J.: 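So that we are looking at the same thing, I have put the structure below in structure tokens.
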Amino acid sequence: MSSPPLSPLLDPVTISEDLIPLAVFKAIGVAHVDFDGALSQPLQLREDVRSGCGGQTWPAGMLLGKHMLRYHRDRLKSARILELGAGGGLVGLAVALECELQNQMLVTDQNEMLELMHHNVKLNGLETKAQAMVLNWGEPLPTAVLEQKPDIILAGECVYFEPAFPLLMATLKTLLELNPAAVVYFCFKKRRRADMHFVKMAKKAFLVEEIFDEDRPVFQRQGLFLFSFASRTGQQKTGKTGHSNGATRLAINGDSRIQSVSC
Ligand SMILES: C[S@@+](CC[C@H](N)C(=O)[O-])C[C@H]1O[C@@H](n2cnc3c(N)ncnc32)[C@H](O)[C@@H]1O
């Protein structure tokens with residue numbers, strides 16, 4: 001099997017399609033992140049972009065972490081959580097730090113990020129709550145993921161490199177086939193027109209919803225998108241619970257979410 005495309009360095013010269021400036025790299029160091037007070041103690045995160053663009057925190061990861069801690073705390077406790085494209089582990093490790101998890105979560109990325117993920121797990125004393133491992137999109141799922149059958153999948157800032165879109169889609173499809181009741185929490189910042197192609201692909205394959213967040217008006221203006229993806233077959237089992245202001249509300253594993261598929 002050929003190697004997956006490596007995460008690009010987000011070099012504006014090589015990949016910017018419409019001249020929207022991309023993020024500036026941070027210096028190597030340890031960031032202290034508390035998600036605007038959503039964490040009771042800050043997460044310490046070593047940042048080092050020498051291993052790839054995931055070696056620093058990204059806006060969508062910050063938003064997704066805050067959203068999960070604000071709106072899904074109770075559900076996270078008993079969930080089987082998998083993070084994709086974790087970088088240094090921003091989203092997953094924040095959840096692991098704050099929540100009394102009953103199951104060890106899996107924090108995954110490409111091999112280049114493994115050392116940094118391991119480092120950050122240790123730095124926060126999360127060895128019993130989180131395990132770092134390699135999961136390359138588009139490749140067969142690691143045995144640990146097959147056994148885990150994740151029911152919450154976190155993906156922050158994983159839409160930024162068009163050649164990787166089909167690989168990420170393939171992994172999401174496999175995960176939602178493995179557990180049709182799973183929900184993917186998916187957040188990205190639109191930097192290029194092509195980023196919306198990913199949303200189109202997702203809408204063809206999954207039930208895609210823009211989930212409630214009181215900060216939505218603010219982050220939408222910043223080009224940030226926050227969705228949940230679910231399997232259509234998984235949804236048929238849950239059923240509709242009512243209507244509100246013309247928007248259909250669905251009860252999914254205890255969550256009440258507004259069904260909306262426009263972006
Ligand atoms: C922009 S970073 C986001 C990091 C972190 N989730 C955040 O929000 O701060 C995207 C991550 O996706 C990972 N990635 C890119 N292509 C991948 C692939 N084919 N398989 C697995 N991970 C991949 C990169 O290594 C990188 O860590």
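These numbers come from the heavy atoms of this one structure, side chains and all, not from hydrogens, waters or symmetry mates. Every number for a ligand or one of its atoms is a count from 1 in the order of the listing. The first residue in the sequence is number 1, and the count goes up from there. Values in this document were obtained by computation on a predicted structure and should not be read as measured data.
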J.: Will you find, in the side chains of Glu47 and Thr57, an N or O donor that is under 3.5 Å from an N or O acceptor?
T.: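 Yes.
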
J.: Which of the atoms of ligand 1 are close to Gly54, meaning less than 4.0 Å from one of its heavy atoms?
T.: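 Those of ligand 1 that fall under 4.0 Å from Gly54 are 2 (S), 26 (C), 27 (O).
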
J.: With nothing but distance in play, are any N or O atoms of Trp137 less than 3.5 Å from an N or O of ligand 1?
T.: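 Between Trp137 and ligand 1 (N or O atoms, distance only) the closest approach is under 3.5 Å.
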
J.: Do any nitrogen or oxygen atoms of Trp58 lie less than 3.5 angstrom from nitrogen or oxygen atoms of ligand 1?
T.: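 Between Trp58 and ligand 1, an N or O pair is found under 3.5 Å apart.
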
J.: Can you tell me how far apart CG (Asn120) and NZ (Lys122) are? Round to the nearest 0.5 Å.
T.: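 That separation rounds to 12.0 Å.
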
J.: Identify, by atom number and element, the atoms of ligand 1 in contact range of Thr57, meaning under 4.0 Å from any of its heavy atoms.
T.: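 Answer for ligand 1: 9 (O).
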
J.: Flag yes if more than 12 heavy atoms outside Glu115 fall under 6.0 Å of its CD atom; otherwise flag no.
T.: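 No, CD of Glu115 has 12 or fewer neighbouring heavy atoms, counting only those of other groups under 6.0 Å.
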
J.: I'd like to know if Ala86 contacts ligand 1, where contact means a heavy-atom distance under 4.0 Å to any ligand atom.
T.: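 Yes; Ala86 lies near enough to ligand 1 that a heavy-atom distance drops under 4.0 Å.
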
J.: Side chain or backbone, does Asp109 bring an N or O within less than 3.5 Å of an N or O on ligand 1?
T.: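 It does: an N or O of Asp109 is found under 3.5 Å from an N or O of ligand 1.
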
J.: Find all atoms of ligand 1 within a distance of less than 4.0 Å from any non-hydrogen atom belonging to Gly61, and give their numbers and elements.
T.: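 Taking each heavy atom of Gly61 in turn, ligand 1 has 8 (O) under 4.0 Å.
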
J.: With sequence neighbours excluded, tell me which residues meet side chain to side chain donor-acceptor pair (under 3.5 Å) with Arg216.
T.: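 For Arg216, no residue satisfies side chain to side chain donor-acceptor pair (under 3.5 Å) once neighbours in sequence are set aside.
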
J.: Show which atoms of ligand 1 fall inside a sub-4.0 Å distance from at least one heavy-atom site of Leu90.
T.: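 In order of number, 9 (O).
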
J.: Donor-acceptor pair, Lys189 side chain versus Gln222 backbone, under 3.5 Å?
T.: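 Looks like yes, one N/O pair under 3.5 Å.
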
J.: Hey, does Leu84 come in under 3.5 Å of ligand 1, counting only N/O atoms on both sides?
T.: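 No, Leu84 has no N/O under 3.5 Å of an N/O on ligand 1.
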
J.: Just verifying a value: how many Å separate Asn179 CG and Thr174 OG1, rounded to the nearest 0.5 Å?
T.: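 Answer rounded to 0.5 Å: 13.0 Å.
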
J.: Considering residues at least two apart in sequence or located in another chain, which fulfil the side chain to side chain donor-acceptor pair (under 3.5 Å) criterion with His197?
T.: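 Per chain and number, His197 pairs via side chain to side chain donor-acceptor pair (under 3.5 Å) with Glu162.
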
J.: Can you name the atoms of ligand 1, numbered from 1 with element, that are less than 4.0 Å from a heavy atom of Gln56?
T.: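 Reading through ligand 1 atom by atom, the close ones are 9 (O).
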
J.: Contact between ligand 1 and Val91 is defined here as a heavy atom of the residue under 4.0 Å from a ligand atom; is it met?
T.: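 It does not; every heavy atom stays at 4.0 Å or beyond.
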
J.: For Gly85 and ligand 1, does the shortest N/O to N/O distance drop below 3.5 Å?
T.: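 Yes: some nitrogen or oxygen of Gly85 is under 3.5 Å from one in ligand 1.
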
J.: What orientation do Phe198 and Phe165 show, parallel under 30°, tilted 30 to 60°, or perpendicular over 60°?
T.: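 Ring orientation of Phe198 relative to Phe165: perpendicular.
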
J.: Below 4.0 angstrom, N of the basic side chain to O of the carboxylate: do Asp213 and Lys66 qualify?
T.: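 Salt bridge absent between Asp213 and Lys66.
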
J.: Select one of side chain, backbone, both or neither to describe which atoms of Tyr160 lie under 4.0 Å from any atom of ligand 1, heavy atoms only.
T.: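 Side chain only.
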
J.: Of all the heavy atoms in Glu112, does at least one lie under 4.0 Å from an atom in ligand 1?
T.: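 Judged by the 4.0 Å heavy-atom criterion, Glu112 does not count as contacting ligand 1.
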
J.: Which option, Gly87, Cys53, Gly156, owns the non-hydrogen atom nearest atom 3 (C) of ligand 1?
T.: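 Considering heavy atoms of Gly87, Cys53, Gly156, the nearest to atom 3 (C) of ligand 1 sits in Gly156.
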
J.: Got more than 12 heavy atoms from elsewhere within 6.0 Å of CD, Glu214?
T.: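 Buried by this count: over 12 neighbours within 6.0 Å.
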
J.: Are Leu135 and ligand 1 in contact, using a heavy-atom cut-off of under 4.0 Å?
T.: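 Distance cut 4.0 Å: Leu135 passes for ligand 1.
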
